[in-house]
There are 2 protein chains.
Amino acid sequence: MKPDALRGHLDALLLATLDGRQLHGYAIIEALQQGSGGALDLPTGTVYPALRRLERAGHVASDWSTVGGRKRRTYRLTSAGRKALHAERAAWREFTTVIGGVLGGGGTWAQT
Amino acid sequence: MKPDALRGHLDALLLATLDGRQLHGYAIIEALQQGSGGALDLPTGTVYPALRRLERAGHVASDWSTVGGRKRRTYRLTSAGRKALHAERAAWREFTTVIGGVLGGGGTWAQT
DNA sequence: CAGCTACACATAGCTTCCCTACACATGAGC
DNA sequence: GCTCATGTGTAGGGAAGCTATGTGTAGCTG
């Protein structure tokens, strides 16, 4: 997957991963990898700054704890974050409709 | 539509617009606008450099002509460009599957 | 003729988000 | 001690969008 294609969607992926659950950074990375069948193998240099941005935007909050002798930072959605996720999903639907509609002519692919 | 979301997909859009026809730059911009129901209103500063890149990559070729006293540059897909379009459509299908799968939980949206 | 709109093209520079590269730490197993 | 797994952090580079800006021609209107 091209980095450029991912760009602009990463926030949505992170918000969606935190939907209904709290996870620490490493677990988010793993959840995205597994939730995508291995297609999303995001470097920490991508994810941690993005979580920083989401926290600064107020969409995510975090708490430090110590687990098994290691510091861990657990993230959760804020209510603003849940709203943002809702908006991101709507934007995704429009995005796929628009781009897919233009790209369309490619064979057996169907869009509903 | 966020610029960042578009990023990485513009090449595919341009290639798809030139699929099976030749068009000059301004006509490409108009075709994208109309083909997207107005959602894609791309600045010339986006499209012309992108066409430049595609031409440098060998996916697109162009010819100058004069129409009605004005210079016009008409673009067409090369065979490499047709291959690239094919690959871009496959990449799009994978992309929407992956991202959509992770974003998924959003209501009545269905993906097939 | 001047001004405006439409058509048609071009590009410099900025912004921003990814990735690479690099760094640190602890715990478990060999 | 070394390696891997777990867990975190960030500086800086690259590049593709967009804004801003510029050029030109044709046709219409006052």
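Within every chain, numbering begins at 1; the chains are lettered A, B, ... in the order of the sequence lines, protein sequences first and strands thereafter.
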Any carboxylate oxygen within less than 4.0 angstrom of a Lys/Arg side-chain nitrogen, looking at [X] and [Y]?
{"X": "B/Arg76", "Y": "B/Glu55", "result": "no"}
{"X": "A/Asp19", "Y": "A/Arg89", "result": "yes"}
{"X": "B/Lys2", "Y": "A/Glu88", "result": "yes"}

Looking at [N], I'd like to know if its phosphate oxygens (OP1 or OP2) sit under 4.0 Å from a side-chain N or O belonging to [X].
{"X": "A/Arg7", "N": "D/dA15", "result": "no"}
{"X": "A/Arg53", "N": "C/dT16", "result": "no"}
{"X": "A/Tyr48", "N": "D/dT8", "result": "yes"}

Over how many whole Å does the gap from [X] atom [atom1] to [N] atom [atom2] extend?
{"X": "B/Lys71", "N": "C/dA6", "atom1": "NZ", "atom2": "C1'", "answer": "19 Å"}
{"X": "B/Trp64", "N": "C/dC7", "atom1": "CH2", "atom2": "P", "answer": "18 Å"}
{"X": "A/Arg72", "N": "D/dA5", "atom1": "CZ", "atom2": "P", "answer": "17 Å"}
{"X": "B/Arg73", "N": "D/dT23", "atom1": "CZ", "atom2": "C1'", "answer": "15 Å"}
{"X": "A/His9", "N": "D/dG17", "atom1": "NE2", "atom2": "C1'", "answer": "13 Å"}
{"X": "A/Gln33", "N": "D/dT6", "atom1": "CD", "atom2": "C1'", "answer": "14 Å"}
{"X": "A/Arg52", "N": "D/dG7", "atom1": "CZ", "atom2": "C1'", "answer": "13 Å"}
{"X": "A/Leu42", "N": "C/dA21", "atom1": "CG", "atom2": "P", "answer": "17 Å"}

- Message: Which residues in residues 20-32 of chain B have a heavy atom closer than 4.0 Å to any atom of DNA chain D?
- Response: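 None - not one residue of the stretch has a heavy atom sitting under 4.0 Å from the strand.
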
- Query: Do the side chain of A/Arg70 and the base of C/dA25 come within less than 3.5 angstrom through a donor-acceptor pair of N or O atoms?
  - Reply: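 No such pair is found, so the answer is no.
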
- Task: Answer with yes or no whether A/Thr44 presents, from its side chain, a donor or acceptor under 3.5 Å of a partner atom in the base of D/dG7.
- Result: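 No.
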
- Could you check whether B/Pro43 gets within reach of a base, just the sugar-phosphate, or nothing at all, counting any heavy atom under 4.0 Å?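 Base contact - B/Pro43 has a heavy atom under 4.0 Å of at least one base atom.
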
- Task: Pick base, sugar-phosphate or nothing for B/Gly45, based on heavy-atom distances below 4.0 Å to the nucleic acid.
- Result: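 Base contact.
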
- Query: Between A/Ser62 and A/Arg73, is any side-chain donor less than 3.5 angstrom from a side-chain acceptor?
  - Reply: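 On atom types as modelled, these side chains qualify, holding a pair under 3.5 Å.
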
- Task: Please name all residues satisfying salt bridge (Lys or Arg N to Asp or Glu O under 4.0 Å) with B/Arg70, sequence neighbours left out, ordered by chain then number.
- Result: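 For B/Arg70 there are no salt bridge (Lys or Arg N to Asp or Glu O under 4.0 Å) partners, ignoring immediate neighbours.
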
- Task: Could you pick out which residue, A/Leu6 or A/Gly68, lies toward the 5' side of DNA chain C when each is mapped onto its nearest nucleotide?
- Result: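 Residue closer to the 5' terminus by nearest nucleotide: A/Leu6.
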
- Item | Check: B/Tyr75 ring centre within less than 6.0 Å of B/Trp64 ring centre |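 Centroid distance B/Tyr75-B/Trp64: not below 6.0 Å, so no.
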
- Rounded to the nearest 0.5 Å, how far apart are CD1 of A/Ile28 and CG of A/Leu14?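 The distance works out to 6.5 Å.
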
